[in-house]
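The basis for the numbers below is simple: all heavy atoms, side chains too, and nothing from hydrogens, waters or symmetry mates. Predicted model, so just to flag it, every value in this text is computed and none were measured.
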Number of protein chains: 2
Amino acid sequence: MTHLPPVVDELDRTILALLTANARASFVHIGQRVGLSAPAVKRRVDRLRATGVITGFTTTVRADAMGWGMEAYVEVYCDSAAPPSRMSEVARNHPEIVAAMTVTGDADALLHIRARGIEHFERVLERIRAEPFVRRTDSRIVLTQLLPGGGGGTALRPLLSRAVENAAEPG
Amino acid sequence: MTHLPPVVDELDRTILALLTANARASFVHIGQRVGLSAPAVKRRVDRLRATGVITGFTTTVRADAMGWGMEAYVEVYCDSAAPPSRMSEVARNHPEIVAAMTVTGDADALLHIRARGIEHFERVLERIRAEPFVRRTDSRIVLTQLLPGGGGGTALRPLLSRAVENAAEPG
DNA sequence: CTTGAAACGCTAGTCTT
DNA sequence: AAGACTAGCGTTTCAAG
């Protein structure tokens with residue numbers, strides 16, 4: 001929440017690397033690798049969270065194992081008067097939209113979409129194109145991830161959160 | 001590593017939702033929410049990892065706080081004979097490429113790139129365009145993330161891993 | 001899946017540098 | 001200011017039911 005001076009030294013960077021590699025690593029384990037005691041590691045992690053460097057701890061899930069077999073990037077062309085806030089609202093209302101951003105170039109926004117299959121994707125696309133300010137869309141369906149962990153976790157959170165009323169808050 | 005029948009029931013889905021919301025949540029805490037004892041939760045999490053549904057636990061880090069202030073999606077047009085394996089190799093050799101995939105449409109591949117700033121991004125682009133089989137590139141620079149957690153964590157792993165020789169393996 | 005017990009990790013307080 | 005140490009408590013883990 002707060003925004004104190006986010007100073008990140010080499011020790012912090014190593015701790016962050018270890019935590020991104022395994023968010024469930026114990027503080028003693030991390031401490032052994034960086035030459036610190038467990039309480040010292042905890043203090044640094046607490047500070048990284050307080051300064052907003054660490055925003056959370058999440059789990060990477062294979063999307064296809066969850067039945068979300070396809071993935072696409074959709075460029076959206078809007079009417080000239082369309083405000084980004086309106087697009088943001090649309091993105092929040094469609095759980096299949098796992099990321100949304102405004103971009104440079106001809107298109108106004110870029111959406112990262114996950115769907116159960118082609119027919120599901122088509123329905124999502126129809127819903128988006130039904131928005132009054134959307135003029136047209138241009139889709140790129142993902143064929144193969146070229147890097148390991150390409151289908152990873154953070155973006156899946158909106159798709160899973162329907163199963164839980166209150167998300168668990170750390171600490 | 002193994003690929004046993006990845007059956008995922010409603011309880012598993014709830015556990016996954018809680019773990020994606022907070023990967024450091026304790027098994028007792030999760031158990032209270034789903035009406036299970038801690039060992040029962042652990043058994044299910046172990047099984048989800050063994051069947052490849054859970055691929056890891058990671059930490060979400062604000063990229064800008066780490067000095068990675070800009071983000072772009074780059075479409076790559078290749079020579080007709082360029083194999084995807086070659087593109088995969090290129091993606092692995094450039095740490096700024098946090099995701100790479102083959103896609104439908106005019107372009108052959110789509111790259112997700114993070115850079116410290118415009119000038120850094122330009123250098124990365126030059127390096128990519130210097131690859132012999134790359135014919136041209138088409139970039140979309142990200143202006144604003146429209147969903148919370150849009151700058152998130154998993155994709156940052158390659159950028160941080162240089163700080164650590166051996167990544168911590170869970171379990 | 002649960003229970004119970006031992007090992008382990010987390011965390012706050014206190015002291016040292 | 002930042003880390004080390006210690007002790008109390010919660011968690012993880014394995015055995016057995």
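A salt bridge links A:R47 with A:D12: the closest approach of a Lys/Arg side-chain nitrogen to an acidic carboxylate oxygen falls below 4.0 angstrom. Between A:E96 and A:R114 there is no salt bridge, since no side-chain N of the basic residue sits under 4.0 Å from a carboxylate O of the acidic one.
Computed from coordinates, the A:I30 CD1 to D:dG3 P distance equals 14 Å when rounded to whole Å. Atom NE2 of A:H29 is separated from atom P of D:dT12 by 17 Å (rounded to the nearest Å). Put simply, CG on B:L36 is 14 Å from P on D:dT12, counting in whole angstrom units. What separates CG of A:D46 from P of D:dA1 is a distance of 17 Å, to the nearest Å. Straight-line distance from the CD1 atom of A:I15 to the P atom of D:dA2: 13 Å, rounded to whole Å.
Place B:R24 and B:L11 on DNA chain C by their nearest nucleotides, and B:L11 ends up nearer the 5' end.
With D:dT13, C:dT2, C:dC10 as the choices, the nucleotide that has an atom nearest any side-chain atom of B:A38 turns out to be D:dT13. Out of C:dC1, C:dT3, D:dG3, the shortest distance to the side chain of B:P39 is found at C:dT3. Considering only side-chain atoms of B:V28, the nucleotide from C:dT11, D:dT11, C:dG9 that sits closest is D:dT11. Of the candidate nucleotides D:dG3, C:dA12, C:dC1, D:dG3 has the atom lying nearest to any side-chain atom of A:A40. Closest to the side chain of B:F27, from the set D:dT13, C:dT11, D:dA2, is D:dT13. Side chain of B:S26, nearest nucleotide from C:dG9, C:dT2, D:dT12: D:dT12.
For C:dC10, neither phosphate oxygen OP1 nor OP2 lies less than 4.0 angstrom from any side-chain nitrogen or oxygen of A:K42. Close to D:dA2, at under 4.0 Å from its OP1 or OP2, lies no side-chain N or O of A:R44. Neither OP1 nor OP2 of D:dA4 sits under 4.0 Å from any side-chain N or O of A:R43.
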**OP:** Might you work through the side chain to side chain contact (heavy atoms under 4.5 Å, CB included) test for A:D138 and A:V74, ending with a clear yes or no?
**Re:** CA-CA 6 Å; A:D138 190 5; A:V74 179; over 6 Å; no

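Annotation: cation-pi geometry not satisfied between B:R140 and B:Y73 (NZ/CZ under 6.0 angstrom from ring centroid, within 45° of ring axis).
The backbone N or O of B:T60 lies less than 3.5 Å from a partner atom in the side chain of A:T55, making a donor-acceptor pair.
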